[in-house]
Amino acid sequence: MAPSGSRSIKKGCQRVLYWIPVLFIALIVAWSYYAYVLQLCIESIEDTGEKVVYLLAYHVIFIMFVWAYWQTIFTEPRNPLKEELLEREDRGESQQEILRRIAKDLPIYTRTNSGAIRFCDRCQLLKPDRCHHCSVCDKCILKMDHHCPWVNNCVGFSNYKFFMLFLAYSLLYCLFITATDLRYFVKFWTAGGRAHFRLKEYLNGLPDTQAKFHILFLFFSASMFSVSLASLFIYHCWLVCKNRSTLEAVRAPVFRHGADKNGFSLGFSKNFHQVFGDEVKYWPIPVFSSLGDGCSFPTCLVNLDPEQPSSPTGSNPASSGAAEGCHFPSKPLRESQSRLLTTALSWTEGDNATDKDKGANNAGMTIENEA
C-alpha cells in the first residue's frame with residue numbers, strides 16, 4: 001500500500017508542477033491587461049478618440065488570444081481507440097506476424113526504422129500514422145506535434161489549429177502593445193518628452209511613478225515576447241506548409257521504401273487545408289475545422305500511384321475478419337472522403353466514389369476505387 005500511495009502523491013505533485021508555466025503566463029497576461037487598459041489608456045492617454053480606438057482594438061485581439069489559448073489548453077488530445085487485438089490472436093505466432101496481418105487491411109503506411117509495424121507496448125495498440133506516445137501524458141496522441149509545457153497539454157491533431165491561432169494572436173497581441181506603447185515609452189525616456197509629458201499625479205502632488213513603471217516594463221516585455229513568438233510562429237507556419245509535425249521535422253517518417261520527410265506533403269494549399277479546413281470563415285476562429293479523422297492521412301506516395309509496390313496492399317475482403325472490431329478504416333481514405341471531425345470519432349468510406357489519378361503520366365490510365 002505504501003508504494004502505491006507514494007506514487008499517487010508523486011503524480012499529484014507532478015500535476016501541480018505542470019500547471020506552473022500556465023499560471024505564469026496567466027499572471028503575465030493579467031498584469032498586461034491592467035498595465036495597458038488602466039495605466040496606459042485610462043490614466044495616461046488624454047485624447048479621447050485615441051483612447052477609444054486603442055481600447056476597442058486591444059479588447060478584440062485580447063479576446064481572440066485568450067480564446068485560442070484556452071482552447072489549446074483544455075482541448076483533450078485525440079487518442080487511438082484501444083483494441084485488444086493481440087488478445088484475440090493465436091499466441092503461437094510472433095507479435096510482428098500478428099501485427100503485419102492485422103495492419104494489412106488498415107491505412108498504415110509508416111514503419112519503424114527497422115521496417116516493423118509500429119506498436120505501442122505501453123498502450124498495447126497499433127500506432128496509426130503520425131501517432132506517437134507522449135511520456136508526459138503517458139498515452140498515444142494522434143498526429144502528435146510536441147508536448148508544450150506552456151499549455152500543459154499535448155499539441156496534436158485535435159488542437160494543432162488552436163495552437164497555431166494561439167501563436168498568431170499572442171504575437172499580434174504583443175506587436176499591438178509594442179506599437180501603441182512606443183510613443184509613450186519614448187516620451188518617458190527623452191528629456192524633452194519628460195518635460196512636456198504630464199501624467200496624473202497623486203493627491204500629495206508627487207508624479208505618478210507607478211504608471212511610468214508599468215508603461216516602461218510593458219514595452220520591454222511585449223518587445224521581448226514578440227521576438228520569441230515570431231520565431232516560433234514562423235517555424236510552425238513552415239511546418240504547416242510542409243505538412244510536417246515537429247517530431248517529423250526532427251526525424252522523417254519511415255515508409256516501406258525508406259525515410260521520406262515529404263511523404264505526407266500534398267502541396268501548400270492542401271497542406272494548409274488539412275489543418276484549417278475548407279471553410280474560410282472558420283480559419284481565424286478557435287473552433288475545430290481540421291480535415292480528416294486523425295488516424296488516416298493521404299500521402300503523396302499513395303495518391304500518385306495506389307498500386308506501387310512500396311505501399312501496403314489495399315482492402316482484401318477475404319481477410320476482413322482479421323481487423324473486425326478495429327476502429328481504423330478498412331482501406332485508405334481518399335482526400336475527397338475526408339470529413340470534419342465530429343464529437344465522436346467516426347470512420348466513413350465512399351461506396352461509389354471514383355477518382356482519377358492526377359499524378360499518372362500514362363495517357364488513358366484510370367484507377368477505380370475499391371467498393
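No experiment lies behind these values; they were computed from the predicted model shown.
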Query raised in the report: Do Phe264 and Pro253 come close enough that some side-chain heavy atom pair is under 4.5 Å?
Result: yes

Requested in this report: For Asn153 and Thr75, indicate whether the former's side chain and the latter's backbone hold a donor-acceptor pair under 3.5 Å.
Outcome: yes

Report task. Examine Ile234 and Phe225 and state if one hydrophobic cluster contains both, with Ile, Leu, Val, Met, Phe, Trp and Tyr joined whenever side-chain heavy atoms are less than 4.5 Å apart. Result -> no

Query - Heavy-atom closest pair, residues Thr299 and Leu266 - result: C-CD2, 3.8 Å

**Report entry** Heavy-atom pair with the smallest gap, counting every atom of Leu291 and Gly277
**Finding:** CG-CA, 4.1 Å

Requested in this report: Return the set of residues passing salt bridge (charged side-chain N to carboxylate O under 4.0 Å, His left out) with Asp138 (not counting sequence neighbours), or none when no residue passes.
Outcome: Arg122

Query raised in the report: More than 12 heavy atoms of other residues, nucleotides or ligands under 6.0 Å from CZ of Phe217: is that the case?
Result: no

Query raised in the report: For the side chain of Ser170 and the backbone of Leu167, is there at least one donor-acceptor N/O pair under 3.5 Å apart?
Result: yes

Query - Full working for side chain to side chain donor-acceptor pair (under 3.5 Å) between Thr72 and Asn159 - result: CA-CA 6 Å; Thr72 308; Asn159 63 348; 5.9 Å; no

Query raised in the report: Do Phe185 and Phe220 have ring centroids that are under 6.0 Å from one another?
Result: yes

Query raised in the report: Any luck finding a side-chain donor-acceptor pair between Ser265 and Asn271 under 3.5 Å?
Result: yes

Query raised in the report: Do Leu27 and Met224 belong together in a cluster built from hydrophobic side chains that touch within less than 4.5 Å?
Result: no

Query - Trp70, CH2: over 12 other non-hydrogen atoms inside 6.0 angstrom - result: no

Query raised in the report: For the residue pair Phe288 and Phe162, does the interplanar ring angle fall in the parallel (under 30°), tilted (30 to 60°) or perpendicular (over 60°) class?
Result: perpendicular

Report task. Using distance alone, with no hydrogens and no angle criterion, decide if Ser245 and Tyr160 have a side-chain donor and acceptor under 3.5 Å apart. Result -> no

Requested in this report: Check whether any side-chain heavy atom of Gln274 sits under 4.5 Å from a side-chain heavy atom of Asn243, and report yes or no.
Outcome: yes

Requested in this report: Indicate the atoms forming the closest heavy-atom contact of His133 with Cys120, along with that distance.
Outcome: ND1-SG, 3.4 Å

Query raised in the report: Taking a hydrophobic cluster as the set of Ile, Leu, Val, Met, Phe, Trp and Tyr residues connected by side-chain heavy atoms closer than 4.5 Å, whether directly or through intermediates, do Trp238 and Val240 fall within one such cluster?
Result: yes

Query raised in the report: Linking I/L/V/M/F/W/Y whenever their side-chain heavy atoms sit closer than 4.5 Å, directly or via other members, would Leu182 and Leu229 fall into one cluster?
Result: yes

Query raised in the report: Taking all non-hydrogen atoms of both residues, which atom of Lys161 and which atom of Ser290 are closest, and how far apart?
Result: CB-OG, 4.1 Å

Query raised in the report: Side chains of His132 and Ile141: closer than 4.5 Å at any heavy-atom pair?
Result: no

Query raised in the report: Does some side-chain heavy atom of Val29 sit less than 4.5 Å from a side-chain heavy atom of Ile25?
Result: yes

Query raised in the report: Out of curiosity, Arg78 CZ to Cys140 SG, how far, rounded to the nearest 0.5 Å?
Result: 15.5 Å

Query - Close side-chain approach of Trp67 to Val287, heavy-atom, < 4.5 Å - result: yes

Report task. Quick one: sort the Trp150 and Phe24 rings into parallel, tilted or perpendicular, breaks at 30° and 60°. Result -> tilted

Query raised in the report: Going hydrophobic residue to hydrophobic residue with side-chain gaps under 4.5 angstrom, can you get from Trp283 over to Phe268?
Result: no

Query raised in the report: Do Asp181 and Thr178 have side-chain atoms, one donor and one acceptor, less than 3.5 Å apart?
Result: no

Query raised in the report: Quick one: are the ring centres of His214 and Tyr34 less than 6.0 Å apart?
Result: yes

Requested in this report: Kindly indicate, with the supporting measurements, whether the criterion side chain to side chain donor-acceptor pair (under 3.5 Å) is fulfilled by Asn262 and Arg244.
Outcome: CA-CA 8 Å; Asn262 295 316; Arg244 299 178 197 167; 2.7 Å; yes

Query raised in the report: Quick one: side-chain contact (heavy atoms from CB on, under 4.5 Å) partners of Ile73, sequence neighbours excluded?
Result: Trp19, Val22, Tyr69, Val151

Report task. With the side chain counted from C-beta on, respond yes when Leu142 and Pro128 share a heavy-atom pair under 4.5 Å apart, and no when they do not. Result -> yes

Query raised in the report: Taking all atoms of both residues into account, what is the closest heavy-atom pair of Met144 and Cys154, and its distance?
Result: CE-SG, 3.9 Å

Query raised in the report: Donor-acceptor pair, Ser221 side chain versus Leu218 backbone, under 3.5 Å?
Result: no

Report summary line: Tightest non-hydrogen contact, residues Lys51 and Ile45, listed as CE-O, 3.0 Å

Query raised in the report: Is there a side-chain contact between Arg118 and Ile108 (heavy atoms, below 4.5 Å)?
Result: no

Query - Plane angle bin for Tyr58 and Phe62 - parallel if under 30°, tilted between 30 and 60°, otherwise perpendicular - result: parallel

Query raised in the report: Would you say Gln124's side chain and Asp121's backbone share a donor-acceptor pair under 3.5 angstrom?
Result: yes

Requested in this report: Anything under 30° is parallel, anything over 60° is perpendicular, the rest tilted; go ahead and classify Tyr54 against Phe176.
Outcome: perpendicular

Query raised in the report: Are Tyr173 and Phe65 close enough that their ring centers fall under 6.0 Å?
Result: yes

Report task. Quickly, which of Lys143, Lys242, Lys261, Arg130 forms a salt bridge (charged side-chain N to carboxylate O under 4.0 Å, His left out) with Glu248? Name it, please. Result -> Arg130

Query raised in the report: Is the Tyr33 to His59 ring centre distance short of 6.0 Å?
Result: yes

Query raised in the report: Within the side chain of Ser44, is there an N or O that forms a donor-acceptor pair under 3.5 Å with the backbone of Gln39?
Result: yes

Requested in this report: Evaluate the side-chain proximity of Tyr169 to Pro284: yes if any heavy-atom separation is below 4.5 Å, no if none is.
Outcome: yes

Query raised in the report: Does any N or O in the side chain of Ser158 come within less than 3.5 Å of the main-chain N or O of Glu76, such that one atom is a donor and the other an acceptor?
Result: yes

Query raised in the report: Cut-off 3.5 Å, side chains only: do Asp145 and Thr246 have a donor facing an acceptor?
Result: yes

